[in-house]
Amino acid sequence: MPRVRFAPSPTGYLHVGSARTFIFNWLYARRNGGTMILRIDDTDVERNSDQSLDSIFEGLKWLGLDWDEQYRQSDRLALHQEFAQSILAKGLAYRDFTPQVAAVEDAPHSGDTWLCNPGQREIPQEESDRRAAAGEPFVLRYKVPRDTPEAVKFTDAVYGEQSKSTADIEDFALLRSTGIPTYHLASCADDVDLRISHIVRGQDHLTNTFKHVLIFKAAGYEPPQFAHLPLLIAPDGAKLSKRKHGPVVSVTTYRDAGFLPHAFINFLCLLGWSPKDDRERMTREELTAVFSFEGINRSNAVINFSDEEPFDAKCLWLNAETIRTMPATELSAVLAPVLAEAGIDCSAERLALITPLIQERIKLLKDLLTVGDFFFAKELAPYDSAELIPKKGDAAMALQALEKALEVLPGAEFSHDGLEAALRAGAEQLGIKAGQMFEPIRVAVCGRKTAPPLFGTLEALGRDVCLERIDKAIAKLK
RNA sequence: GGCGCUAUCGUCUAACGGUUAGGACAGAGCCCUCUCAAGGCUUAAAUACGGGUUCGAUUCCCGUUAGCGCUACCA
């Protein structure tokens, strides 16, 4: 049975790329009857924060995807240290007593590749032990074979055969001078201990994997299977970052904007993966049934957004499609909290009337507040009385239509069909086109020309509100 | 700089040597229609460049260019 893990480090909110990594891991586990593990990789004490930990859980909770086991690396330091000691004991690592140098900002990565600090590899065992015992700080480094370069190899489920010469791999750190393990060490130690079978993660780790293979082997274990995922990038080609691209990189932004979790998951799945049969809208079950590493491609995928349009058009479309095709009662249920949050009081019965009217007109749940504002406003926002004048008509015609409505509406049956019959008859009596009759009424009642279908709208608004608003429109015209 | 990875319409992608290079989103147009949507139909739009290999390259190989990643006692 496969065992996979999602291992975020709590140094920022849940990133959309991380969310996709979680989803692909989850899909693989569920597809193959495996175990999904959430492991918090919090070895970077300086940068960890509780807020980002919260953000990760919040984001995952919203996505509605579960996991079977949960760990935190900081609880497992003893295991990591033991793991490091075993590598040291085998002579495959050494202590580097070089004092820590402050990282140079924008270091020009030119010149020769740094492989190790001079002299440190050659310190005799006894001296090394003595200095360590005396409390001299050191970082434990992996002793990459130097005598004859050899190829480190692994097979990636997405990128295929990978090979890199040890001559191009530096003596990377296993333990910091504080004794805290580095990411490389902790990650491998935990992957071994948790019996991870497949490591599915971002392609930014592809070259790190050579180091990991070295660690696994040094500790006496066969490395697990690897599957690296192409990166998600911004339209400018750069890796998505909060500093550069703002809140669009955070999962909670999508939640707060009114995306449905499944639409978002569906969108993310389509970035860097394809079912190869032109299907795009897929249920969670369909995704689970068809997901495989073979469908993952190798080039980075752009999430399209701009200042004007903060969300990728396809994500928006997927969300709109999901909204349109869900049962109206279900939509009402997710719309209710949106209203509540906006401080709008609306009964379930009334919302049930409104939902079908806006269902195919909103892309985001939040759009209810703008597309359907007139349903909830006590007082219509001011509009130009010229708006009331129908096509190929004049103010007199508008007035005529509105007065007719006032005459007909009090006695009409306030249902879609009843209203349609009454208003069409009214238009006929006036000798004007139905459209010319409806237009002024629509504007009177909605405050604008583009709105949901008229009869349902009138019904949802109720007789009193309609009559009152038409009254006001007439006064405006006069 | 070194090493690694990548390169098909604006974007996401399909085509695992032979297709008029397909689909979707976004765009344009038409139809439907009480406005707006939705829906239907139509349309424009791509194999980065240069060499090979082959009867035949989007597909395989090499080079160039470009982008990305790693090159930390971050992950």
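Letters A, B, ... mirror the listed sequences (proteins, then strands); counts begin at 1.
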On the side chain of [X], is there an atom forming a donor-acceptor pair with the base of [N] - under 3.5 Å, no angle test?
{"X": "A/Asp278", "N": "B/rG22", "value": "yes"}
{"X": "A/Lys314", "N": "B/rA24", "value": "yes"}
{"X": "A/Thr207", "N": "B/rC70", "value": "no"}
{"X": "A/Arg442", "N": "B/rC34", "value": "yes"}
{"X": "A/Asn208", "N": "B/rA75", "value": "yes"}

What nucleotide, of [options], holds the atom closest to the side chain of [X]?
{"X": "A/Val302", "options": "B/rU71, B/rC36, B/rU11", "answer": "B/rU11"}
{"X": "A/Pro453", "options": "B/rU71, B/rC68, B/rC34", "answer": "B/rC34"}
{"X": "A/Leu231", "options": "B/rC34, B/rG39, B/rC68", "answer": "B/rC68"}
{"X": "A/Glu280", "options": "B/rC12, B/rG39, B/rC34", "answer": "B/rC12"}
{"X": "A/Glu321", "options": "B/rG39, B/rC68, B/rA14", "answer": "B/rG39"}
{"X": "A/Leu271", "options": "B/rC12, B/rC34, B/rC73", "answer": "B/rC12"}
{"X": "A/Ala173", "options": "B/rC73, B/rC70, B/rA75", "answer": "B/rC73"}
{"X": "A/Asn297", "options": "B/rA75, B/rC25, B/rA14", "answer": "B/rA14"}
{"X": "A/Phe455", "options": "B/rA37, B/rA24, B/rC34", "answer": "B/rC34"}

Pick the [atom1] atom in [N] and in [M], then give their distance to the nearest Å.
{"N": "B/rU6", "M": "B/rA48", "atom1": "P", "value": "15 Å"}
{"N": "B/rA24", "M": "B/rU65", "atom1": "C1'", "value": "30 Å"}
{"N": "B/rA38", "M": "B/rG18", "atom1": "P", "value": "39 Å"}
{"N": "B/rA15", "M": "B/rA57", "atom1": "C1'", "value": "13 Å"}
{"N": "B/rA7", "M": "B/rU58", "atom1": "P", "value": "15 Å"}
{"N": "B/rC61", "M": "B/rU54", "atom1": "C1'", "value": "12 Å"}
{"N": "B/rU59", "M": "B/rU47", "atom1": "P", "value": "13 Å"}
{"N": "B/rA37", "M": "B/rC30", "atom1": "P", "value": "14 Å"}

Self-check item: Pair A/His212 + A/Phe172: ring centers closer than 6.0 Å
Solution: no
Quiz item: Is the A/Tyr142-A/Tyr94 ring centre distance short of 6.0 angstrom?
Solution: no
Using purine N1 to pyrimidine N3 plus N6-O4 or O6-N4 for Watson-Crick, or N1-O2 and O6-N3 for G-U wobble, both under 3.5 Å, which nucleotide pairs with [N]?
{"N": "B/rA38", "result": "none"}
{"N": "B/rA26", "result": "none"}
{"N": "B/rU59", "result": "none"}
{"N": "B/rA21", "result": "none"}
{"N": "B/rU33", "result": "none"}
{"N": "B/rG4", "result": "B/rC68"}

Exercise. Would you kindly say whether A/Ser415 and A/Asp417 are connected by a side-chain donor-acceptor distance under 3.5 Å?
Key: no
Touch class at under 4.0 angstrom, heavy-atom based, for [X] against every strand present:
{"X": "A/Pro452", "answer": "base"}
{"X": "A/Glu294", "answer": "nothing"}
{"X": "A/Gln162", "answer": "sugar-phosphate"}
{"X": "A/Pro275", "answer": "nothing"}
{"X": "A/Leu206", "answer": "sugar-phosphate"}
{"X": "A/Arg298", "answer": "sugar-phosphate"}
{"X": "A/Glu439", "answer": "nothing"}
{"X": "A/Thr98", "answer": "base"}
{"X": "A/Arg324", "answer": "sugar-phosphate"}
{"X": "A/Ser177", "answer": "base"}
{"X": "A/Gly272", "answer": "sugar-phosphate"}
{"X": "A/His228", "answer": "nothing"}
{"X": "A/Lys433", "answer": "nothing"}

Measure [atom1]/[X] against [atom2]/[N] and give the value in whole Å, please.
{"X": "A/Trp114", "N": "B/rA72", "atom1": "CH2", "atom2": "C1'", "result": "9 Å"}
{"X": "A/Arg448", "N": "B/rU35", "atom1": "CZ", "atom2": "P", "result": "16 Å"}
{"X": "A/Asp96", "N": "B/rC73", "atom1": "CG", "atom2": "P", "result": "9 Å"}
{"X": "A/Leu388", "N": "B/rU35", "atom1": "CG", "atom2": "C1'", "result": "14 Å"}
{"X": "A/His205", "N": "B/rU71", "atom1": "NE2", "atom2": "C1'", "result": "15 Å"}

Quiz item: How far apart are the closest heavy atoms of A/Glu280 and A/Leu270, and which atoms are they?
Solution: O-CD2, 3.7 Å
Practice problem: Determine the minimum heavy-atom distance between A/Gln203 and A/His228, stating which atoms define it. | Solution: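 Looking at all heavy atoms of both residues, the closest pair is CA-CB, 4.1 Å.
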Between [N] and [X], is there an OP1 or OP2 to side-chain N/O distance shorter than 4.0 Å?
{"X": "A/Arg141", "N": "B/rC73", "answer": "yes"}
{"X": "A/Arg279", "N": "B/rG23", "answer": "no"}
{"X": "A/Lys276", "N": "B/rA14", "answer": "yes"}
{"X": "A/Gln203", "N": "B/rC68", "answer": "no"}
{"X": "A/Thr43", "N": "B/rA75", "answer": "yes"}

Has [X] got a side-chain atom pairing as donor or acceptor with [Y]'s backbone, closer than 3.5 angstrom?
{"X": "A/Glu420", "Y": "A/Phe455", "value": "no"}
{"X": "A/Gln436", "Y": "A/Lys433", "value": "yes"}
{"X": "A/Asn319", "Y": "A/Gly258", "value": "yes"}
{"X": "A/Thr355", "Y": "A/Leu351", "value": "yes"}

Quiz item: Do other residues, nucleotides or ligands put more than 12 heavy atoms under 6.0 Å from A/Glu82 CD?
Solution: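 No, CD of A/Glu82 has 12 or fewer neighbouring heavy atoms, counting only those of other groups under 6.0 Å.
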Quiz prompt | A/Ala313 or A/Arg20, whichever maps to the more 5' nucleotide of RNA chain B | solution =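 First, find each residue's nearest nucleotide; the 5'-ward one identifies A/Arg20.
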Quiz item: Hey, which of these two, A/Asp312 or A/His416, hits RNA chain B nearer its 5' end, going by closest nucleotide?
Solution: A/Asp312
